[in-house]
Amino acid sequence: TVVTANVCRAALETARNDLLAAYVSGSWELVAVEQGGDLQTLLVANSTVLAQTTLAALRGVTSAGSLAVLVVTSFVISPAASAVVVAVVIASLVALGPLNRRSLSAGRRLAAASLGFGRYLAELQSNILEVQGLGVGDRVVRDGRDRVEEVATPFGQQIAYTVLGPVLFQVLLLAVMVVGLLVLDRVAGFSVSSLSVATLILLRASVFGQQMQSSLQQVAQSAHQISGIDAMRERLAEAAPDHGDVRLDRVTDIDVVGVGYEPPGSQPVLDGLTLKVSSGRAVGVVGPSGSGKTTLLRLLLKLTEPDTGRIIVNGDVDLSTVSLTDWRQLVSFVPQEPQLLAGSVVENVRYFRPHITDAEVDLACLRAGLVANGRDEIDPERRLDGFGGRISGGQRQRVAIARALASGPQVLLLDEPTSALDERTEEAIRDTLAAWKRDGTALVIVAHRPGLLAICDEVVELPSLRHGGGRTSVTSNVDDRGGGS
């Protein structure tokens, strides 16, 4: 019992740990397009099915071993009885082949329906504001019933096959056993005592055979749910990014040289882009929606690689060869829509980086405007939910800015970092960024609001290639109200 429990636990832990590691370290381009809800379904539901199937398989192996011992024993007592045992079990398993195939088909449909339902729930959770705000809850519930039925139908079929399998196996086993005993009696001329022994052996064999059938059926039903875990893990592993091997401990310059990028299955968003980012200078990036502003930040963050051109660091090092670990320690960023952890403000600012001290967290909170007039704008120990639902959009942005500042980056990438802030807080953030620039930090700021662009030494305007835009333009910023050099 202890061994079985440990094997099942190891199967569950290995499946979840391997898939989680593959997802976190997978290619951004692949991870970003994974359907919402798939990871949760595979990690929670399907991995549990894997553990349960492992238990069923172990029971099947145990039953097969017991049956083998029984066959050997019966062979010693009566070779003919042994032959009947083997024939009865094989005949019964073969006869149930169609049922197992139907069970496998139901398992395939259930695996697909479960993934679809997980995606539906993820979509519903992200749209709950619109659902309630637009008053469409009743229709969503009706649609949800259809989605539930899509899962319930193959699930019900699977349960029916699970219940039906052992019953049919017993009926077939008894029928074949009776026929076999009659043959032994009529043809081989067995004595009553021999028939009694054969009957007892067959009855015992029926128990082990039924357990084997149940195990085979459960494995067949679960095959597609288990294969979904392997498929995602292998897909992520095959597309894992090259982590690079060139070590860096500082960044003085980043040269973007003739860079072009075309998202998979889409039109180009960058073509021949050239710009320079240097320590102590700020580059603003503007342009219409879809012009590649966020894509540029992802390229600089080493989340993806350019299709054409190169990104050169410190004059002679190709960014693609730089150690990913080193680069992530030197560069930090603030996304356009920051996400929060279910935890305290301090935990969200530190964000799995234990080397960041409490003093550094406090300073980052101060500079991000989370502390106003000597008082905490947000209690540092306040618990937040994972969606930031308990704080305002502006407070969530400030937590994200503090998170980026806490590591003391040499390069700071910001994607509309003050879009949800009021003018007073934006001015405070602008002064903080200007101070970091004076201290030697390189800044790349995607923004539309002129207050933040004021600290930039130059502003790069990206054209919309999707709408036949022209060339990239670069404007020197002579209005240095924010402390530009």
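All of these numbers come straight from a predicted model, not from anything done at the bench.
The two atoms that bring Pro409 and Leu405 nearest to each other are CD-O, 3.9 Å, heavy atoms only. Listed here is the closest heavy atom pair of Gln225 and Ala111: CG-CB, 3.5 Å. When all heavy atoms of Gln267 and Glu262 are compared, the closest pair comes out as C-CG, 3.9 Å. When all heavy atoms of Ala368 and Ile429 are compared, the closest pair comes out as O-CD1, 3.3 Å. In plain terms, the two heavy atoms of Leu248 and Asp326 that are nearest each other are N-OD2, 3.0 Å. Scanning both residues, Val349 and Ala406, for their nearest heavy atoms gives CG1-CB, 4.0 Å.
Just one residue in the list Val446, Ile445, Val285 forms a side-chain contact (heavy atoms from CB on, under 4.5 Å) with Leu414, and that residue is Ile445. Applying the side-chain contact (heavy atoms from CB on, under 4.5 Å) test between Leu462 and each of Leu270, Asp271, Val269 identifies Leu270 as the sole match.
Remark: Glu426 engages Thr418, Arg449 in a side chain to side chain donor-acceptor pair (under 3.5 Å) (not counting sequence neighbours). Residues satisfying the side-chain contact (heavy atoms from CB on, under 4.5 Å) criterion with Glu150, sequence neighbours excluded, are Arg147. Scanning for side chain to side chain donor-acceptor pair (under 3.5 Å) contacts around Glu29 gives Tyr261, Thr304, with sequence neighbours left out.
With no hydrogens or angles considered, no side-chain donor-acceptor pair links Arg102 and Gln157 at under 3.5 Å. Remark: the Ser419 side chain and the Gln336 side chain contain no N/O donor-acceptor pair separated by less than 3.5 Å.
Between Arg350 and Asp358, at least one side-chain N (NZ, or NE/NH1/NH2) sits under 4.0 Å from a carboxylate O, which counts as a salt bridge. Under a 4.0 Å N-O distance rule, the pair Arg9/Glu13 qualifies as a salt bridge. Using a cutoff of 4.0 Å between basic side-chain nitrogens and carboxylate oxygens, Asp431 and Arg367 are not scored as salt-bridged.
Identified under the side chain to side chain donor-acceptor pair (under 3.5 Å) test for residues 17-28, with sequence neighbours left out: none. Applying the salt bridge (charged side-chain N to carboxylate O under 4.0 Å, His left out) rule to pairs touching residues 292-303 yields Lys302-Glu305, sequence neighbours excluded. Applying the salt bridge (charged side-chain N to carboxylate O under 4.0 Å, His left out) definition to pairs two or more places apart or across chains, those involving residues 214-238 are Glu34-Arg235, Asp230-Arg233.
Atom CZ of Arg328 is surrounded by more than 12 heavy atoms from other residues, nucleotides or ligands within 6.0 Å.
Here the side chain of Ser278 pairs no donor or acceptor atom with the backbone of Arg281 at under 3.5 angstrom.
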